[in-house]
Amino acid sequence: MSIKVKLDNGEEAVYPEGTTCYDLYREKTADNKELLAVLVDGKECDLGQPLPDKSSVALVGFDTPQGADIYRHSASHVLAHAVKRLYPNVKLGIGPAIENGFYYDFEFEEPISSDDLKTIEKEMKKIVKERNQIRRREMSRKEALELFEERDEPYKVEMIKELPEDAVISCYEQNDFIDLCAGPHLPHTGMVKAFKLTSLAGAYWRGSEHNPMLQRIYGTAFPTKERLQHYLDMLEEAKKRDHRKLGRELELFSLHEEGPGFPFLHNNGNVIWQKLTDFWREEHRRAGYEEIKTPLILNRTLWEQSGHWDHFREDMYFTSIDEQDYAVKPMNCPGAMLVYRNKMHSYRDLPRRIAEMGIVHRHELSGTLHGLMRVRSFTQDDAHIFMLPDQVESEVAGVIEMMDLFYSVFGFDYRVELSTRPEKAMGTAEMWDKATDILEKVLVDKNIDYRLNEGDGAFYGPKIDFHLEDCLGRSWQCGTIQLDFQMPEKFDLTYIGEDGDKHRPVVIHRVIYGSMERLMALLIEHYGGAFPTWLAPVQVTVIPVTDRSHEYAGEIYEQLRNAGLRVTIDQRNEKVGYKIREAQLKKIPYMLVVGDKEVESVQVAVRHRVEGDLGTESLETLIDRVKKEIREKSI
RNA sequence: GCCGACGUAGCUCAAUGGAAGAGCAGCUGAUUUGUAAUCAGCAGGUUGGGGGUUCGAGUCCCUUCGUCGGCUCCA
C-alpha cells in the first residue's frame, strides 16, 4: 500500500504507507540544507506520525513567509529555556518572533542587567549543542492548567484561562523545558544555528501600564553566522543614518537640556524646512486650500468647548493671563473652528479647505522623546476641510491622492492604517460606525492595502494614518485623515442649504507631512543626509585650487548666487583633496574645482558627490543642469 | 510616567579609589597645493548638577536633570 501527498510546488509524490513526517523531512533536507519544517495541510505535523493519505505538504525554508518566524520562535524558546535554567524561579511571559528577530518577557526575582545577556547566550549555545528534540503535546485545558500551576507560571495560567472554549491547547517541550505555545517549531534545538541577544528592556505585561512590568530580552537569529553578521553590519550601517547623529554633524538642528523635547533648528535645517513649506504651499494652493494662522495660547473656555479640556488635558500646557486660565494649543482645530464660524456659509461655499502650519505643544511623557521624531513642540501641516455630508468621500479621496503625491516626490514607502473608536470617545456609536464606513469605503474603492487598528482613533473620530519607517525600520505616523462629526456640533457650525435651512457641515482634520519635525527626521534618515539638490542646504561649493584662482572663483560664486543657487566658496589655505573631503562629508551635491586651467578656459571642473569627477564645462551649462534638477525635484 | 543602561574637551573615546589624557575639530604660523585628511605649535575641562562615604572620588553610595534602548502614548 502506498499514500499520495501533494507537495507545495504542485508535485505529487507517492510514499509507502507509514512514512512519517520526519522521514519526509529527512529526505527533503538532504537536498535543501535550509529546510526548517514540514507542514501538513497547513499545520505542523507531529514528526513521528505517519503522513495521512492525500494530504498536502508544505516544505518551509527560512526564506518562506513562515520560515523565519518558526525559526526565531524556536530561538525564543531556547532563550526561555536558558533563562529558566539559570534563574529557576523566573516567571515566563510571552516570547514571539518579530520582524528581524524575537523576544521573550520574563519576571525575574531580582532584575537582571544587560551584562547578564552574555551568560544567557552561553547557556543558549549549550542548549543548541544538546540538539534537544522539540515535541508538540496537545492537552486538555485542565491538564494544561495543572501543569503550569504546578510549575508556578502565573502568566501562563492566566493565558490558558483566557483561551477560547474551543481552542486546541498545545505545549512544546524540549528536554526539561516546556512552554505553552501554538507552534509550529523546528524539529530540534540544534537547528538554531546563529543568534544574538541584542537588548534588554522593560515591557508591561500584556502591554498595559496597569500591569506589572516584565523584563524583555530581544534577540535575533539567522540560519548562518554569515547572515547574522550581515544583519548586524546592516544595523551598524543604518545607525550612521540616524537623524540625531546627522543633525549634529550637518548642523541641521540641536537639542538642549534647557528645553527637552523643544528642538532648535539651525540655518541648514531651516533651509530644508523652508523648501518643504514652499513646496507644500504651492501644492495646497493648486488643490484649492486657503491658509490661516491662529494664536498659540487661547482661553480655557475654548478648550472646554472643544472637548480638549476633558479628553486631552494631561497632555496640555497651561498659563494664566489676567487671572484667567489659558492653554497652549495642543491642536489647531479649535482655532480653525472659530475662523469658520466667523461668517455665514452657503452650501455653495463648501467644501472650504482651510490649511494652517500650526505650532502645537503637547506634554509627552519624558521617556517617549526621541530626537526630532517625538518632541513636545511641533509644527503640523494641518488643514480642516468643512464640507457637505455628500462631499466627504471625494474630499477624503482627494487628500489621499495628495498624500501620495508628496510621499512619491520624497521616494517614501508608506503603510496605511484605519483606526476605529477608542474607549475615551465623544459621540454615539452610530456616528462612529457611519464615519468609519466612509473611510473604509474610500480605501477599498482606491484599492489601498490597509491594516485595521481597533480602538486607536482620535477622541472625536476615526482616522486613516500613514506610516513611514526610520533607519532602523521603526514605524512613525506622519499623514493622518480624521473624520469629525463632533467639532461641528460642539462649535455649532452651520451652513445654509439649498432649502434655506441651517445644516451641520462635516469636518475632516488632516496632515500630510504630519509634523515638520518628524518629516525632517525621516527625510534625514531616508537620504542619509545627502538631500536632493532642491532641499540641500548648500547646493554648490566653489573650490579654488590656489589663491591664484581666488578672483575667478569669486566671480563664479557671485554668478551662482545671482542665479539663485545656495552656494559657498572655500578659500581656505588647504589642498584641493582636503576641501573636497570636507565638501563630501557635508554631502554638498556639486563641487566646482577651479584652478589655472579653468581660469584659462573660462570653465569649471564639476565634481558630483556621488558620480565623482564629471569633467569641465561652462558655468552656464552647470547652472542649467542644477536648476533643472531643482525644478524637477530629482531624487 | 515605567524598566534597564549611559552622561569625561565642540565631536569620538581613554584614564585598578592615587597628578584628567588622545585623535579629530578650533586658533596661530609655515606650505601655493588638481578631485576624500600637508606640517608644526597653541589653546581647550568645576568629569551633567547637588549631596554623601573616604586621607583621597571621573571611578563607590544617594538624589536630581538629561540622553539612549524598549513599554505605554502619539504627529
Side-chain angles (χ1 to χ4, degrees), chain A residues 103 105 108 111-117 198-218 242 244-245 248-249 251 254-261 314-315 330-332 358 360 362-375 377-382 419 456 458 463 465-468 472 474 476-480 482 509-519 521-522 543-550 572-585 591-598 605-609 612-615:
Chain A
Y103 68 78
D105 287 345
F108 290 92
I112 61 163
S113 82
S114 39
D115 296 337
D116 299 316
L117 296 184
T198 47
S199 64
L200 180 67
Y204 298 109
W205 167 240
R206 306 193 127 182
S208 164
E209 58 187 323
H210 306 296
N211 287 338
M213 178 159 277
L214 311 179
Q215 281 194 293
R216 175 172 296 178
I217 299 176
Y218 283 92
D242 191 312
R244 292 165 296 191
K245 178 177 151 68
R248 185 176 52 238
E249 288 171 358
E251 295 181 67
S254 61
L255 287 158
H256 304 269
E257 275 194 31
E258 290 84 347
E314 49 210 60
D315 295 305
M331 293 189 194
N332 303 303
V360 297
R362 297 183 188 174
H363 183 232
E364 302 292 347
L365 296 178
S366 59
T368 65
L369 302 180
H370 182 99
L372 288 185
M373 294 278 191
R374 189 75 190 277
V375 291
S377 157
F378 55 101
T379 301
Q380 291 184 307
D381 65 316
D382 219 339
S419 299
D456 226 20
K463 55 179 189 163
D465 294 328
F466 294 72
H467 291 253
L468 305 178
L472 292 176
R474 292 175 292 210
W476 297 90
Q477 185 185 315
C478 287
T480 179
Q482 311 181 342
H509 309 240
R510 49 109 280 188
V511 289
I512 290 179
Y513 289 162
S515 88
M516 293 300 293
E517 288 77 0
R518 183 172 287 179
L519 176 78
L522 287 161
I543 300 178
V545 178
T546 71
D547 50 18
R548 284 194 302 281
S549 34
H550 277 191
R572 290 175 306 172
N573 181 6
E574 295 290 350
K575 289 181 161 181
V576 175
Y578 181 90
K579 296 182 187 178
I580 285 181
R581 177 182 154 78
E582 228 162 67
Q584 286 283 157
L585 292 174
M591 290 153 264
L592 305 186
V593 178
V594 293
D596 295 339
K597 283 183 272 179
E598 287 70 28
V606 182
R607 181 189 163 99
H608 185 264
R609 68 180 168 201
D613 196 343
L614 299 179

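Letters A, B, ... are given to chains in the order of the sequence lines, protein chains preceding strands, and every chain is numbered from 1.
Put simply, A:Arg248 has a side-chain N or O that comes within less than 4.0 Å of OP1 or OP2 on B:U12.
If you check every strand for non-hydrogen atoms under 4.0 Å, A:Asp596 touches a base. Residue-level contact check: A:Arg216 touches the backbone only, with heavy atoms under 4.0 Å from sugar-phosphate atoms and none from bases. Within the 4.0 angstrom heavy-atom criterion, base atoms lie near A:Glu364. If you check every strand for non-hydrogen atoms under 4.0 Å, A:His370 touches sugar and phosphate atoms only. Looking at heavy-atom distances under 4.0 Å, A:Val375 makes contact with a base. No contact: A:Tyr513 has no heavy atom under 4.0 Å from any strand.
You'll find the ring centres of A:His210 and A:Trp205 outside the 6.0 Å limit.
The partner of B:G26 is B:C42, judged by Watson-Crick or G-U wobble contacts that both fall below 3.5 Å. Pairing for B:G21 is with B:C13, a Watson-Crick or G-U wobble pair whose two hydrogen-bonding atom distances lie under 3.5 Å.
Atom CD of A:Glu249 sits in a crowded spot, with more than 12 heavy atoms from other residues, nucleotides or ligands closer than 6.0 Å.
Between the side chain of A:Arg374 and the base of B:C73 there is at least one donor-acceptor pair of N/O atoms closer than 3.5 Å. One can find a donor-acceptor pair under 3.5 Å joining the base of B:G1 and the side-chain atoms of A:Tyr204.
As a whole-Å value, the separation of A:Lys245 NZ from B:U67 C1' is 16 Å.
Within the 3.5 Å criterion, the main-chain N or O of A:Ser254 finds no donor-acceptor partner in the side chain of A:Arg244.
Results of the side chain to side chain contact (heavy atoms under 4.5 Å, CB included) test with A:Met591 over A:Arg607, A:Lys579, A:His608 single out A:Arg607 as the only residue that passes.
Spacing between B:A20 and B:C3 at atom C1', rounded to whole Å, works out to 34 Å.
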